[in-house]
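When reading the values below, keep in mind they use all heavy atoms of this one structure, side chains included, and skip hydrogens, waters and symmetry mates. In what follows, chains carry the letters A, B, and so on, assigned in the order in which the sequence lines appear, proteins first and then strands, with residues in each chain numbered from 1. Since we're looking at a predicted model, the values are computed, not measured.
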Protein chains: 2
Amino acid sequence: MIRMAEPTLAEHIANELRRDILRGKLAPGESIKERDNAAEMGVSRTPMREAIRILAKEGLIQLRPSRSPIVARPNFKNVEDHAQVLIALEKLSAELAVKNASDEDISHIAGIVDHMSEHFDTSDPLDMFEIDMSFHTAIADASKNKALAETHRTFLQRLWRARYLAASQRRNRQRVVNEHTLILNALRGRDAKAARAAIDNHLWHLAEDIREVIEKESAANNSAGTPTGDPQ
Amino acid sequence: MIRMAEPTLAEHIANELRRDILRGKLAPGESIKERDNAAEMGVSRTPMREAIRILAKEGLIQLRPSRSPIVARPNFKNVEDHAQVLIALEKLSAELAVKNASDEDISHIAGIVDHMSEHFDTSDPLDMFEIDMSFHTAIADASKNKALAETHRTFLQRLWRARYLAASQRRNRQRVVNEHTLILNALRGRDAKAARAAIDNHLWHLAEDIREVIEKESAANNSAGTPTGDPQ
DNA sequence: GTCTGAAATTTGGTATACCAAAACAGGTTG
DNA sequence: CAACCTGTTTTGGTATACCAAATTTCAGAC
């Protein structure tokens, strides 16, 4: 038996697959064969099946009846739907964080903004992006609402690749840091209205970036037929 | 192999357990022994394990390391957290439904309100409650945002028992129908502001009812020690 | 070259066995 | 009486086998 804190084999596999998907090593549309992948990793079908289930719940893998599951190909509507919900969750996070965040929480969030400013030019884009994510996650945690933090995390994860692609393309880090600073200031000032407005502004830009990148990918997919190849 | 539309054995088991939990047949704190329950139902551990996983994800069952899972005992904070998120999701639902609902959608929602009015006194409380739930679900569906509808459904499910208990105790059906009608009128008028206000009002009452019932259950649990008995 | 039917392959789901770790219970000792 | 130790029981996780259904492939006929 394994302790709760120690991840199971299935969780390990899920993490590895998730990383491959989010980094693009496993492309949208690519099939994930339960038996083949299990053999490749030297594990049995049971944890592999469990891992695939975990990622299917997260929206990263799409189960198909009687066919191998495939890496989900986020369409525009799907991404937009998730972005809309994420914005509502982030607003609620900010609102509750204004009320409930401790001074330590706010210091922690400020530390993330500082870190982003300081390492603006020297960091790998992926590292910077992870820090960006941690900013948003810290606010959700500071809301002191676990159900919200968990659901927020789920949506962040589902939108991870779209957001990552958007962040990679635009190189608008200064704007991101500026907008994060606005949010932080609203939290510090315990100003719910300002926090919501700053979140709205920040995520409106995000939605724009995501829309562009998804349109690009759709165009690329259409002109190339099926660049990732049909599954199977 | 089973078709997608046809539920698996695991899904059947999950549905049965869910029903037992939500109806109180399986009380909060009661343990669910994988092997025993599987034997009782004449199935193997695999679908039972899968079913427990499903319900754990829904928050109805609480997994414990090296111990039998137990029926989740919702504490006050937990329920309140979920209610807060649900309110945000419902507001977003109403807002998007105002924009995106088809006339058919609105007719469907109106039909539910009519049905509730007509069968106000003659229906079993549980039936009336299910119809109440379908009202909210129909709005989420009318938002045309699948991610929102799915997450909304998840939160509705997690709060089901608390809401059901609240609904059973208060017998405030007339008020519920009135508030539903306000929401429906706001949807019909395509008035997002009115819809949000009506949702706020409706769910504020809900939160009040839930708070009362959870407090009652907490008091009952404290005075009786562990009325449901320790698991194992 | 196309179509159809049969065979082969792939697949998800389930049953069962095994293992190691954690928890529990009972007895002994101080 | 409390603490500790040991043996037993319970438990979750994983490996493997099997089955039935769906899909794919191949061969033969037209």
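Per the geometry, CE belonging to Met48(B) stands 13 Å off C1' belonging to dT14(C), to the nearest Å. Between the CD1 atom of Ile32(B) and the C1' atom of dT11(D) there is a distance of 15 Å, given to the nearest Å. Distance CZ (Arg49(A)) to C1' (dT14(D)): 14 Å, rounded to an integer number of Å. Glu11(B) places its CD atom 14 Å from the P atom of dG12(C), with the value rounded to the nearest Å. As rounded to whole Å, 13 Å separates atom C1' of dC24(C) from atom CZ of Arg64(B). Between Leu9(A) atom CG and dG13(D) atom P the separation is 11 Å, expressed in whole Å. Spacing between atom CG of Asn37(A) and atom P of dT10(C) amounts to 15 Å, rounded to whole angstrom units. dG12(C) atom P lies 9 Å from atom NZ of Lys33(A), rounded to whole Å.
When the shell of 6.0 Å around NZ of Lys25(B) is examined, it contains 12 or fewer heavy atoms from other residues, nucleotides or ligands.
Nearest heavy-atom pair across Leu60(B) and Gln157(B) is CD2-O, 4.1 Å. Minimum heavy-atom separation, Ser93(B) to His152(B): OG-CD2, 4.4 Å.
Each of Ser44(B) and Arg35(B) lies near DNA chain C, and the nucleotide nearest Ser44(B) is the one positioned closer to the 5' end.
Among the protein residues, Glu34(A) comes within range of the sugar-phosphate backbone only, with heavy atoms under 4.0 Å from sugar or phosphate atoms but none that close to a base.
Regarding contacts with the backbone of dA15(C), every side-chain N or O of Thr46(B) stays at 4.0 angstrom or more from both OP1 and OP2. Between Arg67(A) and dG12(C) there is no side-chain N or O to OP1 or OP2 distance below 4.0 Å.
Contact of Arg45(A) with dG13(C) (side chain to base): a donor-acceptor pair of N or O atoms is detected under 3.5 Å. For dA21(D), the base has no donor-acceptor partner in the side chain of Ser66(A) [N/O atoms by modelled type, under 3.5 angstrom].
Remark: side-chain polar atoms of His119(A) are paired, donor with acceptor, to backbone N or O of His115(A) under 3.5 angstrom.
Asp141(B) and His108(B) share no donor-acceptor pair across their side chains, judged by distance under 3.5 Å alone.
For Arg53(A), counting side-chain heavy atoms from C-beta on, the closest listed nucleotide (dA15(C), dG13(C), dA15(D)) is dG13(C).
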